[in-house]
Amino acid sequence: MRTLVIGDVHSGLRAVEQVLDRAAVTADDHIVFLGDYVDSWSDAFETIAYLIQLNTTHNCTFIRGNHDELCLDWLVEGKDNPTWLLHGGAATKASYEKRERAAWESHIHFLQEELVNNWVDNNNNLYLHAGFTNLKGIEHEYFEKTFYWDRTLWELAQALNPELSVEDPRFPKRLIHYNEIFIGHTPISKTGLAVPKSGANVWNVDTGAAFMGALTIMDVATKEYWQSDPVHTLYPGERGRN
């Protein structure tokens, strides 16, 4: 069984279908989605519906992203968050408003009950959307929202001297608790194609599907990856978050 990790989807259902096909995903694989399932392209409702169905036939883990929480707030409370609307929420709102309210209920349940803030596999690999700040690890994180809003973990991983060993007292303490850490949240590129990138033991799999990039699925063990077409080419006439 492979463990396959997928970066930020941002309503790009057509890209999800492409990468699952290109990676020849089967029901024997474990698919870990790193969050941000909505907000960008026009298939928000269809994307969540697809993931709900996929979860009945495949072994999936769904990590919570910050856009997923913002979408849930609107679905449940009807709050029009101007910042959310400017960053992809308008397309999500339009997608859901085409459906009857009753059709939203299973999606609300999915976003509330099926998403997790983080997951650690049997090889002590950590999966989460954004990051964490506590030097003792995720169990000691004070603020839950950090798991899907933080950008300092990736900033730290990028800035770290690659010659600094784990044994060095200056090596960041929060990185030593896990074999590898897989995140999304911060696009590697917003202007063109990018591939998964690592810093220290942190892997960023957000290759800019919300913008001008592709969606990526990667084999955690081998680091082989497959990508969709640039997602904006799958949604001609739409701007996404560009």
Side-chain angles (χ1 to χ4, degrees), residues 5-17 19-20 31-58 60-119 127-131 141 143-151 183-187 205-206 208-211 215 231-232 234-235 237-242:
V5 62
I6 297 184
D8 302 29
V9 171
H10 285 295
S11 304
L13 174 58
R14 299 169 196 173
V16 174
E17 292 173 325
V19 295
L20 294 180
I31 315 166
V32 182
F33 290 85
L34 290 175
D36 279 3
Y37 308 107
V38 296
D39 296 354
S40 184
W41 308 105
S42 59
D43 278 341
F45 181 93
E46 293 85 353
T47 297
I48 298 298
Y50 179 87
L51 296 178
I52 291 171
Q53 177 58 35
L54 185 71
N55 199 32
T56 67
T57 59
H58 290 68
C60 300
T61 295
F62 298 102
I63 304 297
R64 178 176 290 104
N66 57 307
H67 284 269
D68 309 316
E69 182 184 58
L70 293 169
C71 174
L72 180 62
D73 287 344
W74 175 74
L75 289 172
V76 173
E77 301 176 24
K79 295 190 300 184
D80 278 338
N81 181 326
T83 302
W84 171 64
L85 294 174
L86 286 172
H87 292 276
T92 294
K93 183 179 178 182
S95 176
Y96 273 89
E97 286 179 337
K98 295 176 184 176
R99 273 82 184 180
E100 296 294 328
R101 173 79 194 198
W104 299 7
E105 294 306 316
S106 63
H107 295 213
I108 291 171
H109 179 271
F110 174 78
L111 293 170
Q112 286 179 329
E113 304 297 335
E114 296 297 331
L115 274 53
V116 295
N117 288 335
N118 51 69
W119 180 66
Y127 306 81
L128 70 172
H129 180 64
E141 190 62 56
F143 304 105
E144 180 178 292
K145 291 180 184 291
T146 301
F147 294 129
Y148 43 91
W149 279 104
D150 175 71
R151 296 196 194 276
I183 63 169
H185 189 50
T186 302
V205 194
D206 182 357
F211 301 93
L215 180 65
V231 182
H232 69 95
L234 301 176
Y235 291 89
E238 296 185 26
R239 293 190 59 185
R241 293 179 62 196
N242 296 297

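All residue numbers refer to positions in the sequence shown, counting from 1. In what follows, every heavy atom counts, from backbone to side chain, and hydrogens, waters and symmetry copies are set aside.
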Please determine if E46 and R99 form a salt bridge, counting it only when a charged side-chain N lies under 4.0 Å from a carboxylate O.
yes

Decide yes or no for [X] and [Y]: does some side-chain heavy atom of the first lie under 4.5 Å from some side-chain heavy atom of the second?
X: D36; Y: D68; result: yes
X: L54; Y: L20; result: yes
X: I48; Y: V38; result: yes
X: L215; Y: V9; result: yes
X: Y235; Y: D43; result: yes
X: I183; Y: L128; result: yes

Main-chain N/O of D39 paired to T92 side chain as donor or acceptor, under 3.5 Å
yes

Side-chain donor or acceptor of S40 paired with backbone N/O of G240 under 3.5 Å
no

Among H185, E69, R64, which one satisfies side chain to side chain donor-acceptor pair (under 3.5 Å) with H129?
H185

Please determine whether side chain to side chain contact (heavy atoms under 4.5 Å, CB included) holds for the pair H109 and E114, giving the CA-CA distance in whole Å, both sets of side-chain angles, and the decisive distance to 0.1 Å.
CA-CA 7 Å; H109 179 271; E114 296 297 331; 4.0 Å; yes

Option from W119, F110, Y127, F62 for which ring-ring contact (aromatic ring centres under 6.0 Å, His included) with F33 holds:
F62

